[in-house]
Amino acid sequence: FPFLASNVIPSHDAAPTFPFAIHRVGDVRVGVVAVTVPSDSGPATTTRLADPVRSVDSTVETLQFLGVEAIVGMVQLTSVHDNLDPGACPEELADNDLLRELNPAVDALIVGASGGPATCRVFDSESDERVVVAPASHGRSVTVVDLAVDTATGQVVRPQTSVFNQTVNLDIEPDPQAEELARQATAAAAPLARKVIGEASTPIPREMDANGESPLADVIADGQLHAARGRGADFALSNPDSLRADMPAGPLSYADLHTVQPYGDRLYLVTLTGSELEDAFDLFADDIGRHGPAVSSNVHYTVDMTEPEG
């Protein structure tokens with residue numbers, strides 16, 4: 001699949017992206033645009049993002065010049081909701097200004113990074129109803145958008161468009177081709193997976209102890225500080241939610257450590273003010289979860305759960 005990014009400003013060291021894709025379904029051509037909402041809170045990178053609305057306007061104009069009238073948009077949002085009902089529409093999406101303002105020629109919007117599933121119909125800037133749908137995170141649902149298209153004009157008949165989130169259950173019969181692909185990938189990775197790269201004298205649990213800290217999260221943060229200290233790091237804060245298993249005792253292979261922390265988390269070195277650091281610890285305390293704040297051993301803190309959030 002090509003990388004779609006309609007609002008990425010190209011740079012010499014960024015991965016190549018395409019502003020749109022065109023898929024042919026029978027005699028109908030369907031255009032796909034994609035935007036990521038710029039964030040001021042993310043780490044600095046060489047990849048720059050232009051205004052999503054203006055970028056989609058320009059991309060839609062190109063698609064229509066090419067004779068494409070049926071257009072679907074993919075939007076990576078920064079807002080997150082807690083909805084678990086795949087047929088419900090949370091207000092975080094229903095009231096989102098960007099989803100209303102994106103070019104009205106886009107007939108359906110598929111939203112990513114919003115957390116739970118959602119199925120919405122939101123009025124666009126021309127007061128026409130438009131489907132806005134989000135799948136559940138971690139592959140817990142598959143979003144299905146069935147566009148009704150007038151084959152004579154290529155236009156989407158929006159009132160006839162259907163959409164739903166199909167919950168993914170563990171009782172689904174495995175696809176033989178997918179199973180074979182996974183088997184081949186597992187076999188190819190086996191030599192690296194079996195390679196021993198460390199050892200733990202005792203098991204290291206990820207659940208919080210009596211002091212409100214996760215021993216495993218603290219070990220991860222200490223490791224990150226060790227890796228970045230030579231570049232000027234004073235301490236480390238880590239994401240405890242990325243830990244998926246306790247660390248076992250004994251020799252540790254790449255597969256063991258990948259099971260503990262399977263995500264491709266990146267290590268960033270940033271400069272913070274005291275106020276920004278305080279905000280970070282407030283966020284940890286307000287959403288302490290089961291694993292607590294993950295900090296290096298040279299950081300000491302006290303959390304008073306009787307105090308209000310913030």
May I ask you to test the Val53-Glu101 pair for a side-chain heavy-atom distance under 4.5 Å?
yes
Do Val32 and Phe20 land in one hydrophobic cluster if side-chain heavy atoms of ILVMFWY residues count as linked below 4.5 Å?
no
State, to 0.1 Å, how close Thr119 and Pro86 come at their nearest heavy-atom pair, and which atoms those are.
OG1-O, 2.6 Å
Could you state the interatomic distance from CZ (Phe164) to OG1 (Thr143), rounded to the nearest 0.5 Å?
9.5 Å
Is the backbone of Phe3 close enough, under 3.5 Å, to the side chain of Thr17 for a donor and an acceptor to pair up by distance?
no
Let's go through Glu129 and Val122 carefully: what are the C-alpha distance in whole Å and the side-chain angles of both, what is the deciding distance for side-chain contact (heavy atoms from CB on, under 4.5 Å) to 0.1 Å, and is it a yes or a no?
CA-CA 6 Å; Glu129 199 173 62; Val122 177; over 6 Å; no
Quick check: are there more than 12 heavy atoms from other residues, nucleotides or ligands sitting under 6.0 Å from CD of Gln64?
yes
Grab the two heavy atoms, one from Val299 and one from Phe281, that are nearest each other, plus how far apart they are.
CG1-CZ, 3.6 Å
Please examine the side chains of Val30 and Ile71, heavy atoms only from C-beta on, and report whether any two atoms are closer than 4.5 Å.
no
If you group Ile, Leu, Val, Met, Phe, Trp and Tyr by side-chain heavy-atom gaps below 4.5 Å, do Leu63 and Val25 land in one group?
no
Search all heavy atoms of Leu84 against all heavy atoms of Arg140 and return the closest pair with its distance.
CD2-NH1, 4.3 Å
Val35 side chain reached by Val56 side chain, heavy atoms, under 4.5 Å
yes
Cluster question for you: counting only ILVMFWY and a side-chain heavy-atom cut-off of under 4.5 Å, with indirect links fine, are Val132 and Val156 together?
no
Within-4.5 Å side-chain heavy-atom neighbours: Pro104 and Ser125
yes
Which pairs count as side chain to side chain donor-acceptor pair (under 3.5 Å) when at least one residue sits in residues 83-98, sequence neighbours excluded?
Asp97-Arg100
side-chain contact (heavy atoms from CB on, under 4.5 Å) between Ile22 and Leu66, intermediate numbers included:
CA-CA 10 Å; Ile22 299 176; Leu66 296 173; 4.1 Å; yes
Could you state the interatomic distance from CZ (Arg48) to CG (Asn7), rounded to the nearest 0.5 Å?
12.0 Å
Met208 backbone acceptor or donor facing Ser214 side chain under 3.5 Å
no
Could you tell me if the side chain of Ser238 sits less than 4.5 Å from the side chain of Ile220, heavy atoms only?
yes
Treating His81 as the side-chain partner and Gly116 as the backbone partner, does any N or O pair qualify as donor plus acceptor under 3.5 Å?
yes
Working for side-chain contact (heavy atoms from CB on, under 4.5 Å), residues Leu77 and Leu99
CA-CA 10 Å; Leu77 287 180; Leu99 299 181; 4.3 Å; yes
Minimum heavy-atom separation for Pro90 and Ala118, please, with both atom names.
CD-CB, 3.5 Å
Does Asn165 reach the side chain of Val142, with side-chain heavy atoms less than 4.5 Å apart?
no
So Ile110 and Val72, do their side chains get closer than 4.5 Å, heavy atoms only?
yes
Specify the closest pair of heavy atoms between Leu49 and Ile9, including all atoms of both residues, with the distance to one decimal.
C-CD1, 4.4 Å
Quick one: does any side-chain atom of Glu276 pair with a main-chain N or O of Thr273 as donor and acceptor, under 3.5 Å?
yes
Atom pair CD (Glu278) and CG (Leu272), whose distance is rounded to the nearest 0.5 Å:
12.5 Å
State the CG-CD distance between Leu216 and Glu207, to the nearest 0.5 angstrom.
10.0 Å
Determine, stepwise, if the pair Arg244 / Tyr263 fulfils side-chain hydrogen bond (donor to acceptor under 3.5 Å, both in side chains).
CA-CA 9 Å; Arg244 291 307 185 200; Tyr263 300 105; 3.1 Å; yes
Take atom CZ of Phe18 as the centre, draw a 6.0 Å sphere, and report whether it contains more than 12 heavy atoms from other residues, nucleotides or ligands.
no
Check this for me: Asp27, atom CG, are more than 12 non-hydrogen atoms of other residues, nucleotides or ligands nearer than 6.0 Å?
no
Donor-acceptor pair, side chain of Ser253 and main chain of Arg194, under 3.5 angstrom:
no
Starting from the C-alpha separation in whole Å, work towards a yes-or-no answer on side-chain hydrogen bond (donor to acceptor under 3.5 Å, both in side chains) for Thr259 and Asp256.
CA-CA 5 Å; Thr259 299; Asp256 294 326; 5.7 Å; no
Going through the distances and angles, do Asp246 and Val260 end up as a side-chain contact (heavy atoms from CB on, under 4.5 Å)?
CA-CA 6 Å; Asp246 296 340; Val260 169; over 6 Å; no
Side chain of Arg130, backbone of Leu109: donor and acceptor closer than 3.5 Å?
no
Here the disulfide bond (SG atoms under 2.5 Å apart) pairs for residues 56-104, sequence neighbours left out, are Cys89-Cys120
Nearest 0.5 Å, what's the CG-CZ distance between Asn103 and Arg54?
13.5 Å
Which pairs with one or both residues in residues 187-273 pass disulfide bond (SG atoms under 2.5 Å apart), sequence neighbours excluded?
none
Which distance, rounded to the nearest 0.5 Å, do you find between the CZ of Phe235 and the CG of Asn298?
8.0 Å
For Glu179, I'd like to know if atom CD has over 12 heavy atoms of other residues, nucleotides or ligands within 6.0 Å.
yes
So, does Ser58 use its side chain to make a donor-acceptor pair with the main chain of Ser55 at under 3.5 Å?
no
If two hydrophobic side chains count as joined below 4.5 Å and joins carry through other members, does Leu4 share a cluster with Val60?
no
Can you check whether Thr167's main-chain N or O pairs, donor with acceptor, with Ser141's side chain at less than 3.5 Å?
no
State yes or no: do Val28 and Val106 share one hydrophobic cluster built from I, L, V, M, F, W and Y residues joined by side-chain heavy-atom distances below 4.5 Å, directly or via other members?
no
Quick check: does any side chain N or O of Asp124 sit under 3.5 Å from a backbone N or O of Asp128, one acting as donor and the other as acceptor?
yes
What one should report as the nearest heavy-atom pair of Leu267 and Ala227 is CD2-CB, 4.0 Å
With a 4.5 Å limit on heavy-atom distance, are the side chains of Arg29 and Val68 in contact?
yes
Gln155 backbone acceptor or donor facing Asp150 side chain under 3.5 Å
no
Count the heavy atoms of every other residue, nucleotide or ligand shown that sit under 6.0 Å from CZ of Arg121, and state whether that count exceeds 12.
yes
